[in-house]
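Worksheet: the structure to be examined is printed underneath.
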Amino acid sequence: MARTISMKQAINEALDQEMARDPRVICMGEDIVGGAGAEGEKDAWGGVLGVTKGLYAKHGDRLMDTPLSESAYIGAAIGAAACGMRPVAELMFIDFMGVCFDQIYNQAAKFRYMFGGKAETPVVIRTMVGAGFRAAAQHSQMLTPLFTHIPGLKVVCPSTPYDTKGLLIQSIRDNDPVIFCEHKALYDFQGEVPEASYAIPFGEANVVREGKHCSIVTYGLMVHRALEAAATLAKEGVEVEIVDLRTLSPLDMDTVIESVTKTGRLVCVDEASPRCSIAADISAQVAMRAFGALKAQIEMVTPPHTPVPFSPALEDLYIPSGAQVADAVRRTLKGGKH
Amino acid sequence: MARTISMKQAINEALDQEMARDPRVICMGEDIVGGAGAEGEKDAWGGVLGVTKGLYAKHGDRLMDTPLSESAYIGAAIGAAACGMRPVAELMFIDFMGVCFDQIYNQAAKFRYMFGGKAETPVVIRTMVGAGFRAAAQHSQMLTPLFTHIPGLKVVCPSTPYDTKGLLIQSIRDNDPVIFCEHKALYDFQGEVPEASYAIPFGEANVVREGKHCSIVTYGLMVHRALEAAATLAKEGVEVEIVDLRTLSPLDMDTVIESVTKTGRLVCVDEASPRCSIAADISAQVAMRAFGALKAQIEMVTPPHTPVPFSPALEDLYIPSGAQVADAVRRTLKGGKH
Amino acid sequence: MAGTNPFPLSRDELLKCYRTMGTIREFEDRLHIDFGRGDIPGFVHLYAGEEASATGIMSHLGDGDRIASTHRGHGHCISKGVDVVAMMKEIYGRKGGACNGKGGSMHIADVSKGMMGANGILGAGAPLACGAALAAKYRKKGEVAISFVGDGASNQGTFLESLNLAAVWNLPVLFVVENNGYAESTSRDYGTAVDSYVDRAAGFGLPGITVDGTDFFAVYEAAGEMIKRAREGGGPALLECKMVRFHGHFEGDAQTYRGAGELDSIRADQDCMKKFRAQVTAAGVITADEFKAIDREVLGVIENAVKEAKAAPLPTLADLTTDVYVTY
Amino acid sequence: MAGTNPFPLSRDELLKCYRTMGTIREFEDRLHIDFGRGDIPGFVHLYAGEEASATGIMSHLGDGDRIASTHRGHGHCISKGVDVVAMMKEIYGRKGGACNGKGGSMHIADVSKGMMGANGILGAGAPLACGAALAAKYRKKGEVAISFVGDGASNQGTFLESLNLAAVWNLPVLFVVENNGYAESTSRDYGTAVDSYVDRAAGFGLPGITVDGTDFFAVYEAAGEMIKRAREGGGPALLECKMVRFHGHFEGDAQTYRGAGELDSIRADQDCMKKFRAQVTAAGVITADEFKAIDREVLGVIENAVKEAKAAPLPTLADLTTDVYVTY
Ligand SMILES: Cc1ncc(C[n+]2csc(CCOP(=O)(O)OP(=O)(O)O)c2C)c(N)n1
Ligand SMILES: Cc1ncc(C[n+]2csc(CCOP(=O)(O)OP(=O)(O)O)c2C)c(N)n1
Ligand SMILES: [Mg+2]
Ligand SMILES: [Mg+2]
């Protein structure tokens, strides 16, 4: 039965159901329980924004608070995964990857290949991404391209509670290392989610809106900005098609190309910094594989090549807006082969 | 007076001349002198491949060996830069960025912006990149896209001894943090280099070969693969233009677009992994800004989406070859607007 | 006995230190209120309760000495001489803020005052302080650097590596572990596998001292000795200040992890400002009325800072893309 | 007295340990020669001279116990039971190698033997071993994990954090610092700011012991005690093995940083195999001829491994893109 719940609740439910289903699933992270060693409430936090709250009561010591040592505990999750467990480690903000990236991209990502196909590392790293929280340059980054660049990693970034539950369950069941990116600005976003457990396969983009004039390819929070743009443009008689990638690696280029083949136009929207971004990656692949289908220039909408500013006045300008997306669509509609 | 020297010697000379010129220049890294605390020869190594050998005799304690603690000493270089020094820190292999990336992308790269334009961090991080040494998955990566993605960093990757000297001198004099990527397979590559000191400005790509049929945009070792392809193709009557980017951030898109506007065709060659790569970045920018000039699909030549294999038999297949580049040119020449 | 001053600081210096602590306290308590009202965006970590540490240490420093701070940086800023109006504007995200509104609470810096920045990344300040100390070593003016770190962050590899590096290079740097008993909701005793930071320091060949960080004079003396030693080429050291925080980890934290009555009791018995007043008035060096006058003065300073901050202009689109590079 | 065995191992076990050490020595010395000939690609770090450490420790382990190794991993592999032919093929970059030629010397692994991989990144094995220990804790079969680290790498944050994590979670993991006096060309005493690793361990609440790593029996006994304790839930510990390396840091290293005569003297006086033979023959448990027979046997094993490696097929284009993911 589907009810309307938040993305936060969808994450909590996915973890709960998978922990109940599979005793090898364990969770670890900073304050994911909270109150460790303190005199007051146990499960005092349930994560910095309360996402894992309540799981301790159900699953006890299979949730572990950690010292503030991301290399050590994320590496431990990876090591445990290589030894038959299915750990879900929380990297509180993706911005902290700089203190533990080696364990992710040189260890987890490469074991299978370096060891000649003889290792499996079914670890999930849950992490908060994105701007909008007035959390400034070191707590607001997207950074999805850095992980997508790395062979051996899978990268997931859902846009709805429904996708979140299904993709997190798939991530836990998946036999490869998965970076599961949760957009903090979507935590309270509500949507219909079935109570029963279900998995959404990786590498299947979701056409969240059909249209014939232009394709918008995006993921995460930007799906909602694209939908805003679509609503505006519809009033102008422009019907855009929106492709929500859902997983950045593996990537469903077939759906992207199918859409561009239909519309002949492409706008890639990415909340990550512009250089070597997901937007650039999709654009380049289309320019290579579906050039003939393109009727006009590809447009990319990203933040500027700057760190994320603190001031709300600036941060609101930093994050790509629905209006910017609509403008980009209008630009490519005006463009055309000479 | 120009002589023929190796890229290694060009680096050594640039460091030597800048240390002599500016007392604020200091160098640090693992075994960049060598023999610290040991009974034998001082300056025993001069870096793992001997690049800094001999500098200790001239500049003494301004070259410092470090403990094996990249976060600490690269962070110290960054901190010293923020306090008026001009440190050149060596990260032996770029593959080790995973243990110290935070200091680079969250600290050095962001100080200026986060502090409202009131900080300068003139640090250079010299690091070895690339495959070909049979050094396997953790000592052969390119990883230039990861740094290029980050606003606040400058990223340099020269292809010749001449460029190496001039760009390293510019890096040291530059007031922003610079990641200086040295391709290990080019260390012994010889070229003409003036003895006198000179700086090559950032953001100026070099058209290393002119041609009218197709543009090849690349950097580092791949410039030489492009030249191989050019020689092959010339025999077929195909004249390619080769743009050596030299600096990946800032990026000289003007030169790229000028070239594509002339040739109408683009092949991007990158030794980095394909997803969110430099090749993708350039391709996407061209598809956005110079779509009208394109006569056919863009082609990208990169390694496969795999870690770097150890076996020479595989590594030679992994690294993009001149033949692969030539094939890509032929493909785009066959392509065309429908 | 009134008139004779048993403290290592003059009457004026004592007044100045009290004013600094009071400014921090009022700054933080005011933010607590204004955050509750919804006036202040983002994550804000308050230093109230910990003032004696920053103030006791920074009293020994000049502008040429550098500090690298933490996410809980307001107290370090104020005691290092960063302008409180500029700080308040920054926290309100305004132009004219210490970072022109681009940094916010977690990134306030003022390099002209030797304040190398609050830092949103745990442990990240330690290498930066080592770098500042290295620069000082080359400059040979006897400058030092201080690295602040929380008890939780003291388990970050970045911090631990820095202890070793500082010892290997014999850097003039002091590592200050501000042990307030918690890392977010997690107790120090859970997260840190050693009872005393003196032992941890010893594991890296560093001398260490633990002091009661709510006792200004204990901090002042221990830090003074260690800083003097560092200035003279004696190398790095570690100072653990055991202390308490009065507010939540960040604003919005309900603090249910605390024991019953814990917050009341630390506010009653471990208030560093109360202790300072008691010690100094008991010695008859400064009167309670003089302290009250400073309290009032400070209130005005902060009131004014908030007023100025609220009146300051917001940054605009033109500011969005400036200050990324010196040149690009 | 001939016949009575004063050692904590049976005659057969002693023979087995000697065979293991001899296999490592011959494996490495042979690589040294073949590398010199240009037969072997890449970076190769030899374990010769350090055999007593790997062998003394691994004698206590079964396949269910895990180890995380270093860049200098051949000795750990062999003593953990990885097939030497598969290893040699791997180092020659052949199909049928332990990693089908994709890993090479720095990445040999055999998860079926509990060998979680040599590792090209310093300190990176420590968290992995913690993870293996964590898995063991959940499985409740009394398994343990060992993390090997060099003296130089012991200054990596990753390693240091792991000491704390292991203590906090009371993991059944043993950290073995293989202190061979050098990190590349840099002396241990320059890079590590503490004399004894026992002190460093104490800084993280861990018990530590330092042993002469060239004395097999010293290693064997200390490791045995610590591993037993860990199996019984007593938690992590640190073992420092002081040892020597016979070859350069990697093949191609001229070792000019060593003092005059240093290499000769360590080969003469600190050869763990010589010591082992002397101790065991003196006690009359095994004869010199028996040892020689093993030496000959081992020579044949390695000779055969090289032959098989050279005869094995190279991987081809079809292998390039396999084994990146389980599914994609
Ligand atoms: C590398 C990193 N990991 C995690 C965090 C999230 N975080 C911010 S403050 C904090 C607790 C810090 O505790 P402590 O060091 O004791 O300082 P305190 O807050 O008590 O002053 C955590 C976990 C972070 N900012 N950086
Ligand atoms: C993170 C990282 N930094 C640097 C290196 C380069 N490196 C490889 S081995 C080595 C020296 C290691 O010394 P030690 O830990 O004492 O081990 P040993 O070689 O003596 O066995 C260095 C610096 C690396 N592989 N990884
Ligand atoms: Mg704390
Ligand atoms: Mg060593």
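Within every chain, numbering begins at 1; the chains are lettered A, B, ... in the order of the sequence lines, protein sequences first and strands thereafter.
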Using non-hydrogen atoms only, which part of [X] is less than 4.5 Å away from chain C: side chain, backbone, both, or neither?
X        : result
B:Lys154 : both
B:Thr121 : neither
B:Thr247 : neither
B:Phe202 : neither

For chain B, find which of [options] contributes the most heavy-atom pairs closer than 4.5 angstrom.
options                      : result
C:Cys130, C:Gly117, C:Ala98  : C:Ala98
C:Asp110, C:Asn100, C:Val324 : C:Val324
C:Pro315, C:Ala136, C:Gly131 : C:Gly131

Practice item. Identify whether the distance between the nearest side-chain nitrogen and carboxylate oxygen of C:Asp319 and C:Lys102 falls below 4.0 Å. Key: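 Salt bridge absent between C:Asp319 and C:Lys102.
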Check your understanding: Salt bridge or not for B:Lys165 and B:Asp16, using N-O below 4.0 Å?
Key -> no
**Study point:** Member of C:Arg231, C:Lys80, C:His60 meeting the side-chain hydrogen bond (donor to acceptor under 3.5 Å, both in side chains) criterion with C:Asp65
**Key:** C:Arg231
Exercise for review: From the options B:Leu251, B:Thr255, B:Ile200, select the one residue that forms a side-chain contact (heavy atoms from CB on, under 4.5 Å) with B:Arg246.
Suggested key: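 When side-chain contact (heavy atoms from CB on, under 4.5 Å) is applied between B:Arg246 and each of B:Leu251, B:Thr255, B:Ile200, only B:Ile200 qualifies.
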Exercise for review: Take the angle between the ring planes of B:Phe111 and B:Phe115 and call it parallel below 30°, perpendicular above 60°, tilted in between.
Suggested key: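 B:Phe111 vs B:Phe115 ring planes: parallel.
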Check your understanding: Would you call the rings of C:Phe250 and C:Phe43 parallel, tilted or perpendicular, where under 30° means parallel and over 60° means perpendicular?
Key -> parallel
May I ask you to name which of [options] has the most heavy-atom pairs under 4.5 Å with chain C?
options                              : value
B:Gly203, B:Gly75, B:Cys83, B:Ala80  : B:Cys83
B:Ala77, B:Ser249, B:Pro122, B:Ala72 : B:Ala72
B:Lys110, B:Glu120, B:Met85          : B:Met85

Revision key, fill the gap. Within residues 146-175 of chain C, contacts to chain B at heavy-atom distances under 4.5 Å involve C:Thr158, C:Glu161, C:Ser162, C:Asn164, C:Leu165, C:Val168, C:Trp169
Practice item. Please state whether the side chain, the backbone, both or neither of C:Tyr138 comes within less than 4.5 Å of a heavy atom of chain B. Key: side chain
Exercise for review: Could you look at C:Thr322 and say if it's the side chain, the backbone, both or neither that has a heavy atom under 4.5 Å from chain B?
Suggested key: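 Looking at C:Thr322, just its backbone touches chain B.
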Check your understanding: Side chains of C:Ser105 and C:His45: do they bring a donor and an acceptor to under 3.5 Å?
Key -> no
Counting a contact as any heavy-atom pair under 4.5 Å apart, which residues of [range] contact chain C?
range                       : result
residues 168-176 of chain B : B:Asp174, B:Asn175, B:Asp176
residues 18-45 of chain B   : B:Ile26, B:Met28
residues 101-108 of chain B : B:Asp102, B:Gln103, B:Asn106, B:Gln107

Review point. Is the C:His76-C:Tyr47 ring centre distance short of 6.0 angstrom?
Key: yes
Exercise for review: Check whether any side-chain N or O of C:Arg94 sits under 3.5 Å from a backbone N or O of C:Lys310 as a donor-acceptor pair, and report yes or no.
Suggested key: yes
